[in-house]
Every structure is written in structure tokens, then in C-alpha cells.
Amino acid sequence: MVDKYELIDAGTMLGTHHSPELYLTGSGKVDVGDWIATSVSEEHWTIADDVFEQTYAELPVIPKAVADWIEKCKHDGTSVGDMLCYERQPEKVRDWIELTPGTYDFNQRRYAEHQDLIARAWLDGYTVEEDK
């Protein structure tokens with residue numbers, strides 16, 4: 001791997017123990033858990049694991065009613081904050097966000113998770129779930 005990605009080991013020897021400190025040529029230090037990305041022109045750069053997971057994780061899957069709501073808000077110039085506002089949302093969107101399926105029970109955990117999911121869908125894109 002050191003040769004493939006042109007890594008430079010600037011580590012030190014502590015007695016008989018080697019303490020590696022790797023650098024990617026032209027990109028900076030490589031930490032344990034970092035990803036090394038490669039462009040089509042064979043250039044390499046590092047991406048921290050948390051950034052990689054956030055950027056390249058699978059897109060959120062949302063119902064068609066929620067996707068339609070996101071697109072309507074974007075088309076109308078509505079902010080993401082206003083799009084998440086309970087009073088503005090269509091009933092189907094509100095129910096999906098907050099109610100335990102098959103009931104009229106408010107579910108705080110579901111509410112928080114689905115608010116985050118919709119915000120992520122707004123920012124990163126989404127996949128519309130298939131009809132059941």
C-alpha cells in the first residue's frame with residue numbers, strides 16, 4: 001500500500017518499536033481509518049472516515065409524499081427550516097414523521113429520526129421507497 005499510494009513514512013523508532021506516521025504525497029497526513037480516494041487521473045487524496053460515511057453513505061429512502069413535499073418546497077423557494085415546520089407540512093408527511101405506524105400515537109424517537117432523515121434527503125438527495 002505504501003508504494004501504491006506513494007505514502008511517506010515519517011515515523012520514528014522507539015527502541016525496537018516503530019511508530020509510523022504516514023503522509024500521502026501531496027495530500028497530508030493519513031490517520032488510521034482514513035480513506036484514500038483516487039481520481040480518474042490517478043491522483044490520490046485522503047478523506048476522514050466520518051466525512052466519507054456522511055458523503056458516500058446510501059441515500060435516505062423516503063415515501064413519495066415526502067419526496068413530493070421536498071420538491072414542492074425547493075420549487076417554491078421554501079427554506080429547509082420552513083419545510084420541516086409541522087404547521088406547513090401536508091397531513092401525510094406529518095403522519096409519516098411522527099406517528100407509530102398503524103396508530104395515532106406520537107413517537108418522539110421516530111419524530112427526531114425522520115426530521116433528520118428529511119433534512120438529509122433535502123441536502124444529499126434521496127430514493128423514493130417502493131409501494132408495498
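Numbers for residues simply follow the sequence, beginning at 1. Please read these numbers as outputs of a predicted model, since none were measured by experiment.
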Self-check item: OH-CD distance between Y104 and E98, expressed to the nearest 0.5 angstrom
Solution: 12.5 Å

Quiz prompt | Stepwise side chain to side chain contact (heavy atoms under 4.5 Å, CB included) test for D34 and I47 | solution = CA-CA 6 Å; D34 283 355; I47 303 173; over 6 Å; no

Self-check item: Y86 with L99, same ILVMFWY side-chain cluster at under 4.5 Å
Solution: no

Exercise. Hey, could you give me the NE2/CD1 distance between H114 and I62, rounded to the nearest 0.5 Å?
Key: 10.5 Å

Quiz prompt | Nearest heavy atoms of G125 and P60, plus distance in Å | solution = O-CD, 3.3 Å

Quiz prompt | Heavy-atom closest contact (L84 atom, A119 atom, distance) | solution = CD1-CB, 4.3 Å

Practice problem: Show your working on side chain to side chain contact (heavy atoms under 4.5 Å, CB included) between Q89 and W96 and close with a plain yes or no. | Solution: CA-CA 11 Å; Q89 295 168 343; W96 178 80; over 6 Å; no

Quiz item: Do the side chain of T38 and the main chain of E42 share a donor and acceptor less than 3.5 angstrom apart?
Solution: no

Exercise. Spell out, yes or no, whether V93 and V80 are grouped together once hydrophobic residues are joined by side-chain heavy atoms under 4.5 Å, including indirect joins.
Key: yes

Exercise. Report the distance from atom CD of E130 to atom NZ of K64, rounding to the nearest 0.5 Å.
Key: 14.0 Å

Quiz item: Going through the distances and angles, do V61 and Y126 end up as a side chain to side chain contact (heavy atoms under 4.5 Å, CB included)?
Solution: CA-CA 6 Å; V61 179; Y126 54 83; over 6 Å; no

Practice problem: May I ask whether I70 and L123 are part of the same hydrophobic cluster, defined by side-chain heavy atoms of I, L, V, M, F, W, Y residues being less than 4.5 angstrom apart, directly or through others? | Solution: yes

Quiz item: Distance-only, no hydrogens or angles: does the W69 side chain make a donor-acceptor pair with backbone N or O of M83 under 3.5 Å?
Solution: yes

Practice problem: Look at E113 together with R109 and state whether they make a salt bridge at an N to O cut-off of under 4.0 Å. | Solution: yes

Self-check item: Non-hydrogen atoms of T78 and R88 that approach each other most closely
Solution: CG2-NH1, 4.4 Å

Quiz prompt | Over all atoms of both residues, closest heavy-atom pair of Q115 and I97 | solution = NE2-CG2, 4.1 Å

Quiz item: So Y111 and F106, would you call those rings parallel, tilted or perpendicular, with 30° and 60° as cut-offs?
Solution: tilted

Quiz item: Between T100 and D105, is any side-chain donor less than 3.5 angstrom from a side-chain acceptor?
Solution: no

Quiz item: Would a 4.5 Å heavy-atom cut-off, applied to side chains only, mark W35 and D49 as touching?
Solution: yes

Practice problem: Evaluate the side-chain proximity of S39 to H44: yes if any heavy-atom separation is below 4.5 Å, no if none is. | Solution: no

Self-check item: N-O pairing of D116 and R120 below 4.0 Å
Solution: no

Quiz prompt | Test: D76 and K74 ion pair at under 4.0 Å | solution = no

